[in-house]
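All figures in this text were calculated on a predicted structure; none of them were measured in a lab. So you know, we letter chains A, B, ... as the sequences are listed, proteins then strands, and number each from 1.
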Amino acid sequence: MVTIDIKNCNLTQIYESGQCFRWEMLAQGGFRIPHGNHEVQVIQKDHTFQFNCSQQEFEDIWSDYFDLSTDYGAIIGRVDSKDRYLTEAVRYGEGLRILRQDVWEIIITFLLSQNSNIPRIRKNVRDLFALTDGRVPTPSQLKAMSEEDLRALGVGYRAKYLIGAGKFFSDYQPEQLYTMSYEQAHQTLMKCPGIGPKVADCICLFGLHHVDAFPIDTHIRQILSSHYPKGFPLEQYRGCAGILQQYMFYYDLKK
DNA sequence: ACCCAGGCCATCT
DNA sequence: AGATGGCCTGGG
């Protein structure tokens with residue numbers, strides 16, 4: 001068991017924020033948190049967290065997963081106080097963090113996310129992973145699945161994208177993406193069936209931690225048109241724009 | 001009933 | 001290059 005204080009970390013906010021779809025809320029407000037084929041249970045009381053794992057595992061895996069080396073308070077502090085909307089958004093979601101998730105897991109889950117909603121994505125991911133005994137299906141396992149079997153899970157037309165991604169990443173190791181720049185990774189991801197500009201940006205932000213990736217979905221598009229008609233000031237927020245996007249997305253989602 | 005949800009792709013002009 | 005419609009499914 002590891003007990004630790006963490007600032008700017010609210011498990012419920014992260015759970016709701018639509019960046020991870022395999023977390024499960026437990027009784028007493030704890031969470032079961034899968035990451036690749038690892039898993040931990042965490043309980044939060046204010047700023048104090050209990051991880052039911054060894055100190056060694058915490059340092060090897062979970063400290064990095066929760067991006068504990070990044071000061072989110074400093075990012076919030078960068079927000080222009082004259083920007084009322086953004087100031088309110090970061091205040092509202094002050095417990096959000098961008099998790100450092102496994103890129104292949106993120107590819108699968110964000111392929112399923114398109115034209116969908118959070119409860120349905122969770123169900124699709126759970127049902128898909130159940131086919132491989134709760135583990136993350138490997139590219140070759142996905143490649144070998146039939147479109148019919150996948151459609152039976154209710155993933156609809158995304159079934160062929162999953163198979164296509166399995167094929168694509170059987171030849172092309174997902175881990176290679178970690179060595180690339182944001183632009184390179186985005187360009188490469190777009191070559192995979194079912195990955196367009198928006199999903200590629202989500203994978204860059206949530207799977208590769210390229211914090212300048214700025215995914216524009218229907219919510220963000222709406223926010224930009226009403227609050228930033230001239231576009232979001234990406235240059236001003238270089239190095240954290242994607243993180244600010246997450247605060248705006250969450251604020252809009254909960255309103 | 002109808003529309004939309006964290007879009008992508010094929011098929012046009 | 002840019003615009004349009006189709007696509008699976010579930011919930012409001």
Side-chain angles (χ1 to χ4, degrees), chain A residues 12-23 85-86 89-90 92-93 96-99 101 103 105-131 142 145-169 182 185-228 231-232 234 241-255:
Chain A
T12 302
Q13 289 187 348
I14 295 170
Y15 169 75
E16 294 172 335
S17 72
Q19 58 177 305
C20 51
F21 300 100
R22 291 207 294 151
W23 284 30
Y85 176 76
L86 193 52
V90 297
Y92 185 84
L96 290 171
R97 307 179 80 83
I98 304 290
L99 303 171
Q101 302 184 72
V103 68
E105 177 178 341
I106 287 291
I107 289 168
I108 297 174
T109 56
F110 278 86
L111 272 177
L112 288 171
S113 79
Q114 57 189 264
N115 244 17
S116 191
N117 52 69
I118 293 175
R120 183 184 172 196
I121 298 163
R122 287 199 184 113
K123 179 183 189 307
N124 286 164
V125 171
R126 186 168 57 243
D127 291 348
L128 173 64
F129 283 36
L131 295 181
L142 266 193
M145 292 181 186
S146 75
E147 181 172 344
E148 188 186 2
D149 288 350
L150 288 171
R151 277 180 178 263
L153 304 179
V155 303
Y157 59 86
R158 302 163 195 82
K160 58 181 177 298
Y161 297 162
L162 291 172
I163 297 166
K167 284 199 175 85
F168 186 88
F169 285 103
Y182 163 52
H186 193 268
Q187 197 174 356
T188 303
L189 284 162
M190 294 265 291
K191 292 177 185 162
C192 175
I195 298 182
K198 189 272 179 182
V199 170
D201 267 329
C202 285
I203 296 168
C204 285
L205 178 59
F206 300 126
L208 301 170
H209 210 79
H210 287 304
V211 290
D212 280 312
F214 195 86
I216 298 179
D217 55 48
T218 55
H219 287 160
I220 295 293
R221 196 178 303 283
Q222 193 75 32
I223 292 167
L224 294 183
S225 71
S226 51
H227 296 281
Y228 302 96
F232 189 76
L234 293 171
I243 300 175
L244 298 178
Q245 182 266 8
Q246 188 68 5
Y247 292 108
M248 292 190 286
F249 178 80
Y250 181 71
Y251 186 51
D252 186 71
L253 188 71
K254 299 290 285 181
K255 281 295 160 181

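- Checked against the 6.0 Å centroid criterion, the rings of A:F110 and A:F21 qualify as a close aromatic pair.
- Between the P atom of B:dG7 and the CD1 atom of A:I220 lies a distance of 11 Å, rounded to the nearest Å.
- Here the side chain of A:Q246 pairs no donor or acceptor atom with the backbone of A:G93 at under 3.5 angstrom.
- Here A:I216 lies out of heavy-atom contact (under 4.0 Å) with every strand.
- When the C1' atom is compared between C:dA3 and B:dA5, the two are found 22 Å apart, to the nearest whole Å.
- Atom pair A:D252:CG and B:dA5:C1' shows a separation of 13 Å (rounding to whole Å applied).
- Within 4.0 Å of A:Q19, counting heavy atoms only, lies at least one base atom of the nucleic acid.
- Using a 4.0 Å cutoff on non-hydrogen atoms, the parts of residues 199-207 of chain A near DNA chain B are A:V199, A:C202, A:F206, ordered by number.
- Counting only N and O atoms by type, the side chains of A:E148 and A:S146 include no donor and acceptor under 3.5 Å apart.
- What separates CZ of A:R221 from P of B:dC8 is a distance of 10 Å, to the nearest Å.
- As judged by a 4.0 angstrom heavy-atom cut-off over every strand, A:T109 is placed among residues making no nucleic acid contact.
- For the pair A:E16 (side chain) and A:Y250 (backbone), a donor-acceptor distance under 3.5 Å is absent.
- Panel note: side chain A:Q13, backbone A:Y92; a donor-acceptor pair is recorded below 3.5 Å.
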Report, as a single string ordered 5' to 3', how protein heavy atoms within less than 4.0 Å touch nucleotides 5-12 of chain C: B base, S sugar-phosphate only, - not at all. --BBB---

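- For C:dC8, there is no paired nucleotide, since no Watson-Crick or G-U wobble pair has both relevant distances below 3.5 Å.
- Whole-Å rounding puts the A:L162 CG to B:dC9 P distance at 13 Å.
- With rounding to the nearest 0.5 Å, the separation of CD in A:E105 from SG in A:C20 is 9.0 Å.
- Heavy-atom nearest nucleotides on DNA chain B were determined for A:Q246 and for A:G194, and the one closer to the 5' end corresponds to A:Q246.
- Within a 6.0 Å sphere centred on CD of A:E147, heavy atoms belonging to other residues, nucleotides or ligands number more than 12.
- Taking atom CZ of residue A:F110 and atom C1' of nucleotide B:dG7, one finds them 13 Å apart after rounding to whole Å.
- Put simply, CH2 on A:W23 and CG on A:L99 are 5.5 Å apart, with the number rounded to the nearest 0.5 Å.
- The closest donor-acceptor contact from the side chain of A:R158 to the backbone of A:N115 lies under 3.5 Å.
- As judged by a 4.0 angstrom heavy-atom cut-off over every strand, A:P197 is placed among residues touching the sugar-phosphate backbone only.
- Between A:Q222 atom CD and B:dA5 atom C1' there is a gap of 13 Å when expressed in whole angstrom units.
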